[in-house]
Amino acid sequence: MNVLLDHLADFREGFVGTVLLTLASGLLAMVLGVIIAGFRVSPVPPLRMFGTAWVTLFRNTPLTLLFLVAWFVVPVVFAPGLSPWMKALLALSFYTSAFVCEAVRSGINTVPMGQAEAARSLGMTFVQTLRLIVLPQATRTVVAPLSSIFIALTKNSAIAGAFSVTELFGWQKTMSDQGYAIAWIFLWVALGYLVITFSISGLFRLLERRLGVAR
Amino acid sequence: MTNVSVAKEDVATSDELVVLRSVNKHFGALHVLQDIDLTIARGEVVVVIGPSGSGKSTLCRTINRLETIDSGTITIDGKPLPHEGRELARLRADVGMVFQSFNLFAHKTVLENVMLGQVKVRKADKKQAEEKARALLDRVGVGTQADKYPAQLSGGQQQRVAIARALAMDPKVMLFDEPTSALDPEMINEVLEVMQQLAREGMTMIVVTHEMGFARSAANRVVFMADGRIVEQAAPDQFFSNPRSDRAKDFLSKILHH
Ligand SMILES: Nc1ncnc2c1ncn2[C@@H]1O[C@H](COP(=O)(O)OP(=O)(O)O)[C@@H](O)[C@H]1O
Ligand SMILES: [Mg+2]
């Protein structure tokens with residue numbers, strides 16, 4: 001009990017850190033995932049290959065390894081001077097984008113072929129067809145898997161704590177280093193995560209219901 | 001046959017709207033289109049007929065490049081079909097397509113279905129697009145359904161909306177792939193009447209259909225396909241009363257008995 005009251009400011013900072021990191025990498029993962037899904041169904045072979053490579057790479061690499069790469073390879077090879085927070089954002093969002101992509105792609109596959117063919121016959125470009133006709137109809141089937149993906153992302157963001165990014169899980173380490181009872185620390189941390197994940201699934205359930213009514 | 005088409009080419013090049021020359025296409029080992037030569041003049045109505053699997057749909061779909069071809073050339077109004085990209089999109093806008101299964105955009109209202117191409121492809125003003133869409137919907141007799149979603153309409157109504165949607169682009173030529181095959185019998189005529197009207201107004205049309213009434217009354221020419229080839233082409237009356245090839249005789253005897 002004491003541990004929370006004694007260090008409420010730190011806890012709040014960690015909680016907000018997790019929320020922000022999850023939100024930012026969720027957003028970036030969404031954008032990347034939808035674009036890569038577009039690549040994967042595009043008529044241009046090099047784009048399709050790039051999409052397949054992206055998904056294969058980021059879906060099959062352990063997230064911890066991606067964090068290590070973001071910490072020790074990316075600064076040397078690509079972009080020196082990235083803050084730890086940015087590195088965590090990159091690792092988390094690239095990793096998650098592969099899952100978003102596959103969810104979106106399976107959603108795209110549920111939309112009957114004829115819809116895209118009719119759009120193309122009208123003279124819409126590939127991007128117009130995807131944006132105006134196919135993706136809006138895929139949304140409903142994509143919402144449920146996306147909810148799981150973002151919950152997984154929330155929990156995955158804990159790895160960033162081990163890399164000294166201020167977030168909820170990192171608070172646990174600081175507190176146990178200070179000798180507080182481990183059980184209480186874990187309870188509060190778990191509750192913090194529950195609040196976030198419950199909010200996500202609630203939000204998506206709401207979204208699902210809204211989309212279920214509209215056609 | 002060959003002599004005739006060569007002679008025709010010499011006279012009226014500018015009147016040729018759709019020209020297929022030695023078009024070949026495979027689906028894997030299956031040779032679906034074999035050396036197809038077909039010229040369609042401006043304002044001409046051509047009915048394509050033939051047994052299931054003979055390549056009629058594929059032929060239709062190659063004309064707006066929903067299917068690519070392996071060899072040969074297809075030109076529309078003198079322009080060869082471009083490769084995938086903006087240019088192809090522009091050309092497709094000039095070729096209206098009506099599908100057997102309607103393919104109306106399920107998440108858009110009837111009105112939006114007819115407006116979308118005008119606004120997004122032709123970059124028309126929203127208000128003008130709506131006016132035109134409503135006029136077209138009235139013309140095909142579904143003006144009162146404008147604010148409904150496709151699923152709320154009967155098949156015949158949906159197909160008429162699909163025709164209006166294609167017409168909204170002011171196409172140079174309209175392709176119909178068995179437009180009445182998915183319809184209940186009592187709805188077939190309402191669609192055929194719209195098509196007949198279009199034919200009378202001078203629209204260039206390529207129609208895959210087994211509706212012989214339509215072929216007789218609206219078509220200038222019947223093209224009979226079997227096994228990926230054009231086996232015979234003739235004026236409708238001539239084709240139906242006096243087919244030359246055995247394949248056509250055999251096919252006609254089968255559909256006439258139904
Ligand atoms: N996408 C496709 N992939 C493989 N085979 C196809 C495809 N589309 C059509 N076919 C085959 O090509 C042949 C011609 O098909 P189609 O053009 O639809 O004939 P029709 O419209 O005259 O019935 C059929 O044997 C069909 O099975
Ligand atoms: Mg067919």
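Residue numbers begin at 1 in each chain, while the letters A, B, ... track the order of the sequences.
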*Asks:* Does the B:Q118 side chain pair with the main chain of B:A129, one donor and one acceptor, at a distance under 3.5 Å?
*Replies:*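 Present.
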
*Asks:* Would you call B:E87-B:R92 a salt bridge at under 4.0 Å N-O?
*Replies:*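 Answer for the salt bridge query: no.
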
*Asks:* So which residue, A:A119, A:G123, A:P136, A:A118, ends up with the most heavy-atom pairs under 4.5 Å with chain B?
*Replies:* A:G123

*Asks:* Whether B:D170 and B:R122 form a salt bridge (side-chain N of Lys/Arg under 4.0 Å from carboxylate O of Asp/Glu) is what I want to check.
*Replies:*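 The answer is no: the pair does not qualify as a salt bridge.
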
*Asks:* Under 4.5 Å from any heavy atom of chain B, what part of A:E117 do you find: side chain, backbone, both or neither?
*Replies:*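 Both the backbone and the side chain of A:E117 come within 4.5 Å of chain B.
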
*Asks:* Find the one option among B:L91, B:L88, B:D94, B:L104 whose heavy-atom pairs under 4.5 Å with chain A are most numerous.
*Replies:* B:L104

*Asks:* After noting the C-alpha distance and the side-chain angles of B:V208 and B:F176, does the key distance pass the side-chain contact (heavy atoms from CB on, under 4.5 Å) rule?
*Replies:* CA-CA 6 Å; B:V208 178; B:F176 294 83; over 6 Å; no

*Asks:* Distance under 6.0 Å and angle within 45° of the ring axis: does A:K173 meet both against A:F169?
*Replies:* no

*Asks:* Does anything in residues 36-75 of chain A reach chain B? List residues with heavy atoms under 4.5 Å apart, or say none.
*Replies:* A:P43

*Asks:* One thing to verify: whether B:K126 and B:E130 come together as a salt bridge, which I'm taking to mean a side-chain N less than 4.0 angstrom from a carboxylate O.
*Replies:* no

*Asks:* Is the NZ or CZ atom of B:R165 positioned over B:F105's six-membered ring, under 6.0 angstrom from the centre and within 45° of the axis?
*Replies:* yes

